[in-house]
Amino acid sequence: MNDMEQLRFNMIEQQIRPCDVLEMRILELLKQVKREQFVPVAQRSLAFFDMDIPLGFNTAMWQPKLEARVVQELHVSKADHVLEVGTGSGYLTALLASLAGRVTSVEIVPELHVLAQQNLAAHHFENITLAVGDGSQGWGNEQYDVIVLTASTPVLPAAFQNSLKVGGRMFAIVGDAPVMYAKLITCMAEGVFESVTIMESN
């Protein structure tokens with residue numbers, strides 16, 4: 001096992017499994033989609049650390065355990081169309097696209113949009129649509145099976161719940177620092193939503 005694979009193994013065993021990420025298809029996915037390839041070169045040595053990694057523009061890659069836990073909790077399948085708001089470096093996009101039928105990802109910062117394009121191009125995904133724009137209040141008129149908001153929001157805009165299909169799942173970090181909650185919201189029936197707090201976020 002080379003050094004990079006040892007670090008990846010340690011990340012999975014010491015950070016991700018203890019965060020209740022135990023689904024084998026998710027653990028295997030974390031081995032297949034190389035996280036370090038989505039980390040800015042200057043921070044690549046931090047790729048497997050238990051920390052947010054700054055991307056500039058007041059944004060960051062999530063901690064590995066949060067990425068893994070979110071992907072597990074959303075139960076993404078090949079039948080799903082996913083909306084990701086905040087493409088960032090494209091790593092979470094790649095994880096979602098590996099499991100979903102289609103992923104639409106919107107990024108407000110043009111430079112990050114370009115970065116994600118470059119990072120994802122090497123992986124030859126054919127089921128990702130990348131867009132530049134402000135998705136903070138919703139995106140388009142389509143309904144989605146899964147919605148992921150990668151930036152926190154003080155209050156969750158109703159537009160996102162309205163964009164969920166019945167049976168659809170949404171992840172969002174809601175609240176104001178220092179008290180924010182990672183929430184999984186499920187559309188149980190038309191206009192009926194169930195919200196579960198997965199973990200506190202800081």
Side-chain angles (χ1 to χ4, degrees), residues 4-5 7-12 15-17 19 21 23-57 59-133 135 139 144-151 169-173 182 184:
M4 196 68 76
E5 292 308 317
L7 289 169
R8 194 184 327 279
F9 175 85
N10 293 346
M11 175 188 75
I12 291 170
Q15 298 173 43
I16 290 170
R17 282 185 185 272
C19 196
V21 179
E23 194 176 329
M24 284 309 300
R25 71 168 188 153
I26 305 302
L27 298 175
E28 286 301 315
L29 183 61
L30 297 173
K31 298 175 187 175
Q32 293 162 14
V33 181
K34 308 299 187 186
R35 192 172 197 267
E36 68 275 12
Q37 296 173 3
F38 293 84
V39 175
V41 175
Q43 281 101 355
R44 199 149 285 176
S45 62
L46 305 175
F48 304 108
F49 283 36
D50 184 16
M51 60 179 288
D52 294 339
I53 297 178
L55 296 174
F57 310 98
T59 64
M61 288 180 71
W62 285 346
Q63 303 161 32
K65 64 188 178 189
L66 179 58
E67 294 163 337
R69 183 71 184 273
V70 168
V71 172
Q72 176 178 267
E73 295 292 339
L74 288 169
H75 300 293
V76 181
S77 77
K78 289 296 180 186
D80 290 336
H81 185 186
V82 178
L83 172 65
E84 178 189 39
V85 179
T87 314
S89 72
Y91 177 64
L92 185 61
T93 320
L95 294 179
L96 294 167
S98 298
L99 301 172
R102 288 191 294 154
V103 175
T104 298
S105 185
V106 57
E107 173 58 59
I108 194 171
V109 179
E111 291 89 345
L112 291 179
H113 168 78
V114 171
L115 174 65
Q117 276 185 319
Q118 293 169 344
N119 289 340
L120 289 165
H123 296 268
H124 308 291
F125 286 104
E126 296 182 353
N127 61 337
I128 299 174
T129 300
L130 298 178
V132 179
W139 187 255
Y144 298 90
D145 302 285
V146 175
I147 299 175
V148 182
L149 308 186
T150 65
R169 291 85 65 205
M170 173 168 50
F171 174 83
I173 298 173
L184 181 71

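The shown structure was predicted, so the numbers you read here are calculated from the model rather than taken from an experiment.
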What distance do [X] atom [atom1] and [Y] atom [atom2] have between them, rounded to the nearest 0.5 Å?
{"X": "Gln32", "Y": "Leu27", "atom1": "CD", "atom2": "CG", "result": "11.0 Å"}
{"X": "Leu83", "Y": "Leu96", "atom1": "CG", "atom2": "CG", "result": "10.5 Å"}
{"X": "Gln72", "Y": "Leu29", "atom1": "CD", "atom2": "CG", "result": "11.5 Å"}
{"X": "Glu73", "Y": "Ile26", "atom1": "CD", "atom2": "CD1", "result": "10.0 Å"}
{"X": "Leu74", "Y": "Asp145", "atom1": "CG", "atom2": "CG", "result": "11.0 Å"}
{"X": "Asn119", "Y": "Gln37", "atom1": "CG", "atom2": "CD", "result": "8.5 Å"}

Check whether any side-chain heavy atom of [X] lies under 4.5 Å from a side-chain heavy atom of [Y], and answer yes or no.
{"X": "Leu184", "Y": "Arg169", "value": "yes"}
{"X": "Phe38", "Y": "His123", "value": "yes"}
{"X": "Val33", "Y": "Tyr91", "value": "yes"}
{"X": "Val39", "Y": "Ser89", "value": "no"}
{"X": "Leu30", "Y": "Leu95", "value": "yes"}
{"X": "Thr93", "Y": "Phe125", "value": "no"}
{"X": "Gln15", "Y": "Phe49", "value": "no"}
{"X": "Arg35", "Y": "Met61", "value": "yes"}

Side chain [X], main chain [Y], donor-acceptor under 3.5 Å:
{"X": "Asp80", "Y": "Ala100", "value": "no"}
{"X": "Glu107", "Y": "Gly88", "value": "yes"}
{"X": "Trp139", "Y": "Val85", "value": "no"}
{"X": "Asp52", "Y": "Gln63", "value": "yes"}

Before you tell me yes or no, could you show the steps for Thr87 and His113 under side-chain hydrogen bond (donor to acceptor under 3.5 Å, both in side chains), namely the whole-Å CA-CA distance, both residues' side-chain angles and the distance that decides it to 0.1 Å? CA-CA 7 Å; Thr87 314; His113 168 78; 5.7 Å; no

Considering all heavy atoms, the nearest [X]-[Y] contact:
{"X": "Pro64", "Y": "Ala47", "result": "CG-O, 4.4 Å"}
{"X": "Lys78", "Y": "Ser98", "result": "NZ-O, 3.1 Å"}
{"X": "Leu55", "Y": "Phe57", "result": "O-CD1, 3.9 Å"}
{"X": "Asn127", "Y": "Gly101", "result": "CB-O, 3.1 Å"}
{"X": "Val82", "Y": "Tyr144", "result": "C-CD2, 4.1 Å"}
{"X": "Pro40", "Y": "Pro54", "result": "CG-O, 4.2 Å"}

Counterpart residues, salt bridge (Lys or Arg N to Asp or Glu O under 4.0 Å), relative to Glu23 (two or more places apart):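 Glu23: salt bridge (Lys or Arg N to Asp or Glu O under 4.0 Å) contacts with Arg25.
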
What residues form a salt bridge (Lys or Arg N to Asp or Glu O under 4.0 Å) with Arg102, not counting sequence neighbours?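 Arg102 satisfies salt bridge (Lys or Arg N to Asp or Glu O under 4.0 Å) with Glu142 only.
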
Give the C-alpha distance, both sets of side-chain angles, the deciding distance and a yes or no for side chain to side chain contact (heavy atoms under 4.5 Å, CB included) between Asn10 and Phe48. CA-CA 8 Å; Asn10 293 346; Phe48 304 108; over 6 Å; no

Could you walk me through whether Arg8 and Glu36 pass the salt bridge (Lys or Arg N to Asp or Glu O under 4.0 Å) test, one step at a time? CA-CA 9 Å; Arg8 194 184 327 279; Glu36 68 275 12; 2.9 Å; yes

